[in-house]
Amino acid sequence: MKIRVLLISLFLILIGNQVNAQKKLNKKLKELDKYYAKSLKDWKVPGMAVAIVHDNKIIFEKGYGVKNINTEEKVDENTLFQIASNTKSFTTAALSILVSENKIKWDDPIQKYIPWFQLYNTYVSGNISIRDALSHRSGLVTFSGDLIWYGSKYNRKEVIRRARFLQPKFPFRTRFGYSNILYLTAGEIIPEVTGISWDEYIKTKIFAPLEMSRSITSEKDLLNKENVATPHHMIEGKPVVTHYINWDNIAPAGSIISSVHDISNWLIMHLNKGKYKGKEILKAEQIYEMQSPNTPIYLSEKSSKMFPSQHFKAYALGWQVFDYEGKKIVTHNGGADGMISQTVLIPELKIGFVILTNASSGLYYPNLYKTLDVILDKKNAPDWSKLILESKKAKSKLLTQKVDQEKLPMCLEQKDYIGVYGGDIYGNAKVSFIKKGNQNELYLELLPTPMFKGILKHISLNTFEIKFPEAPGLPSGTVNFLVNEKGIPYKIIIDIPNPDFNFKELELIRK
């Protein structure tokens with residue numbers, strides 16, 4: 001009888017603890033729900049979707065705002081967004097399957113599978129491994145060469161081929177330098193080994209077994225899809241509808257389009273050491289490998305002050321890892337034209353979440369840390385949305401304070417600037433005349449990328465202003481013609497200030 005009473009008591013305590021835990025969880029989810037809705041309005045972002053998973057279940061999934069500011073159709077958990085660089089973890093997962101099957105090794109040289117692949121010198125070309133490429137330690141600076149593929153007519157092979165002309169900033173294997181082109185290169189090992197394209201391999205080996213039925217690998221596949229978010233650029237603080245840009249030529253680095261519902265299954269599998277609904281998708285040892293640090297990432301003093309509980313950051317394989325409030329955080333974000341996203345895993349707690357937005361906005365960032373703070377019961381946590389918005393406004397005010405430049409006459413006649421300028425990295429740029437009213441205006445076209453074209457407006461001497469109307473996400477910049485002692489322009493330097501593309505990297509010499 002005593003044993004029976006004791007068992008009943010223990011059962012009631014257990015049930016009581018579960019009820020209390022559920023109440024606490026529901027309270028947290030309500031707090032986050034309210035915060036997400038408010039942050040969306042504060043940041044003036046059209047739409048967002050969020051999902052949270054725990055213990056092999058989706059415990060929260062919801063859409064906020066609209067898919068398109070013109071149609072005002074509502075976002076829901078199945079709305080498709082481009083997840084951009086969150087694709088990288090899918091590429092490493094696909095490669096991990098080949099590692100498990102003993103078809104490749106993480107530390108194999110890339111040239112073992114793509115013999116024609118080259119980088120900036122013979123040693124690096126022959127020794128850079130799959131791991132080096134996936135953990136961003138090639139010696140190239142972050143985003144080096146991205147103008148080769150972005151919106152260009154080059155196919156995957158040509159993008160990889162042109163990587164040999166990129167110049168390093170750091171010694172090989174010494175520093176972190178984020179490279180989309182090297183992720184493309186690693187992804188293209190898959191068809192070399194299997195005879196199956198990267199796209200089909202992702203669909204059959206990952207999407208299908210994870211029941212990610214709405215997920216696709218190409219913008220072209222959107223023609224057959226409904227419930228799709230429209231990308232928006234934030235221009236002068238307001239969202240403006242833009243369009244998808246095809247990323248097929250860099251697909252293993254960033255082309256996947258998915259929903260928070262589908263991504264939830266992906267997160268559940270990672271948190272369950274490679275299993276989904278009892279079926280092994282990836283090996284547990286490979287999950288561990290992909291979530292382990294490889295390349296340290298510099299933690300700035302400013303970042304340390306903002307996040308005092310964070311002591312390290314590093315890049316693993318397709319994921320970034322850092323510590324926060326005593327927990328290991330495994331995460332990645334993604335930025336495409338008019339869409340920013342974030343995926344997060346907290347392996348120790350078996351919790352993960354995904355945030356997808358349809359604007360070129362930093363909204364994902366405060367919501368990332370708010371979600372972590374609520375989940376981890378952080379005391380005295382700041383209002384990240386308010387804090388970052390205030391900082392953003394102050395920075396924007398400084399950037400809009402223009403410095404007047406003395407306008408001096410054009411050094412040459414307009415016709416003297418006309419010509420073709422080009423180099424190995426990118427290809428050719430053409431300067432020609434275009435008729436505007438009754439006048440001829442100088443016109444610049446970057447020939448590999450059809451959307452990069454615009455009128456050159458004279459500023460001073462040999463410097464002109466350029467704006468690409470078909471690329472509204474980029475600000476206006478300058479085109480400076482370098483002139484030799486004979487008074488002939490021999491080179492152009494394009495400077496368009498933005499965080500993603502280094503136009504100065506292009507060597508554009510007169511032909």
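Please read these numbers as outputs of a predicted model, since none were measured by experiment.
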Relative to the ring of Trp384, is the ring of Phe307 parallel (under 30°), tilted (30 to 60°) or perpendicular (over 60°)?
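The rings of Phe307 and Trp384 sit tilted, inter-plane angle from 30° to 60°.
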[X] side-chain N/O to [Y] backbone N/O, donor-acceptor pair under 3.5 Å:
| X | Y | value |
| --- | --- | --- |
| Thr343 | Val354 | no |
| Thr194 | Ile190 | yes |
| Asn272 | Met269 | no |
| His54 | Ile351 | no |
| Thr174 | Pro171 | yes |
| Asn249 | Arg156 | no |
| Asn265 | Met212 | no |
| Ser264 | Ala51 | no |
| Asn86 | Ile83 | yes |
| Asp383 | Lys386 | yes |

Verify whether one side chain among [X] and [Y] offers a donor that lies under 3.5 Å from an acceptor in the other.
| X | Y | value |
| --- | --- | --- |
| Tyr35 | Asp373 | no |
| His311 | Asp323 | yes |
| Asn294 | Ser135 | no |
| Ser39 | Ser385 | no |
| Tyr315 | His332 | yes |
| Thr242 | Asp337 | no |
| Tyr276 | Glu211 | yes |
| Lys88 | Asn180 | yes |
| Trp106 | Gln286 | yes |
| Thr331 | Trp319 | no |
| Tyr154 | Arg162 | yes |

Which heavy atom in [X] sits nearest to a heavy atom in [Y], and how many Å separate them?
| X | Y | value |
| --- | --- | --- |
| Tyr113 | Lys103 | OH-O, 3.7 Å |
| Leu95 | Ala186 | CD2-O, 3.8 Å |
| Thr357 | Ile340 | OG1-O, 2.8 Å |

Using salt bridge (Lys or Arg N to Asp or Glu O under 4.0 Å), reason through Asp107 and Lys112 one step at a time and then give a plain yes or no.
CA-CA 11 Å; Asp107 296 304; Lys112 181 176 180 180; over 6 Å; no
Is there a side-chain contact between His243 and Ile245 in this structure, where contact means two heavy atoms from C-beta onward sitting under 4.5 Å apart?
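Yes, their side chains come closer than 4.5 Å.
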Would you call [X]-[Y] a salt bridge at under 4.0 Å N-O?
| X | Y | value |
| --- | --- | --- |
| Lys62 | Glu77 | no |
| Glu31 | Lys28 | no |
| Lys275 | Glu280 | no |
| Glu200 | Lys205 | no |
| Lys220 | Asp199 | no |
| Lys327 | Glu325 | no |

Positive for side-chain contact (heavy atoms from CB on, under 4.5 Å) with Leu363, one of Leu40, Leu389, Ile355, Ile388
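Among the candidates, only Leu40 passes.
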Passing candidate, side-chain hydrogen bond (donor to acceptor under 3.5 Å, both in side chains) with Lys67, options Asp76, Asn227, Thr79, Thr230
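So the option named by the test is Asn227.
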Kindly indicate whether a cation-pi arrangement holds for Lys313 with Phe322, taking the cut-offs as under 6.0 Å to the six-membered ring centre and within 45° of the axis.
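Cation-pi check for Lys313 and Phe322: fails.
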Hey, does the Lys NZ or Arg CZ of Lys203 hover above the aromatic six-ring of Trp198, less than 6.0 Å from the centre and inside 45° of the axis?
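Geometry flag: not set, cation outside 6.0 Å or 45°.
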Check against side-chain contact (heavy atoms from CB on, under 4.5 Å), Glu219 and Ser255
CA-CA 7 Å; Glu219 165 265 347; Ser255 72; over 6 Å; no
Would you give me the side-chain donor-acceptor pairs under 3.5 Å for residues 136-145, sequence neighbours excluded?
residue	atom	partner	partner atom	Å
His136	ND1	Ser179	N	2.9
Arg137	NE	Asp132	OD1	2.6
Arg137	NH2	Asp132	OD1	3.1
Ser138	OG	Leu140	N	3.1
Thr142	OG1	Tyr178	N	3.0
Ser144	OG	Glu505	OE2	2.5

Are there more than 12 heavy atoms of other residues, nucleotides or ligands under 6.0 Å from atom [atom1] of [X]?
| X | atom1 | answer |
| --- | --- | --- |
| Lys378 | NZ | yes |
| Tyr288 | OH | no |
| Lys225 | NZ | yes |

Applying the salt bridge (Lys or Arg N to Asp or Glu O under 4.0 Å) test to Glu289, which of Lys283, Lys273, Arg131 qualifies?
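Only match with Glu289 under salt bridge (Lys or Arg N to Asp or Glu O under 4.0 Å): Arg131.
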Where do Ile52 and Ile58 land on the side-chain contact (heavy atoms from CB on, under 4.5 Å) test, with the steps shown first?
CA-CA 6 Å; Ile52 303 172; Ile58 300 172; over 6 Å; no
I'd like to know whether the aromatic ring centres of Phe60 and Phe353 sit less than 6.0 Å apart in this structure.
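That pair fails the under 6.0 Å test.
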When you look at Thr371 and Tyr36, which way does the side-chain hydrogen bond (donor to acceptor under 3.5 Å, both in side chains) test go after all the steps?
CA-CA 9 Å; Thr371 308; Tyr36 296 150; 2.8 Å; yes
Does the pair Asp108 and Lys105 meet the rule for a side-chain contact (heavy atoms from CB on, under 4.5 Å), with working shown?
CA-CA 5 Å; Asp108 281 343; Lys105 295 177 182 176; 3.6 Å; yes
Check the pair Asp146 / Asp500 against side-chain contact (heavy atoms from CB on, under 4.5 Å), numbers first and verdict last.
CA-CA 8 Å; Asp146 275 1; Asp500 300 314; 6.0 Å; no
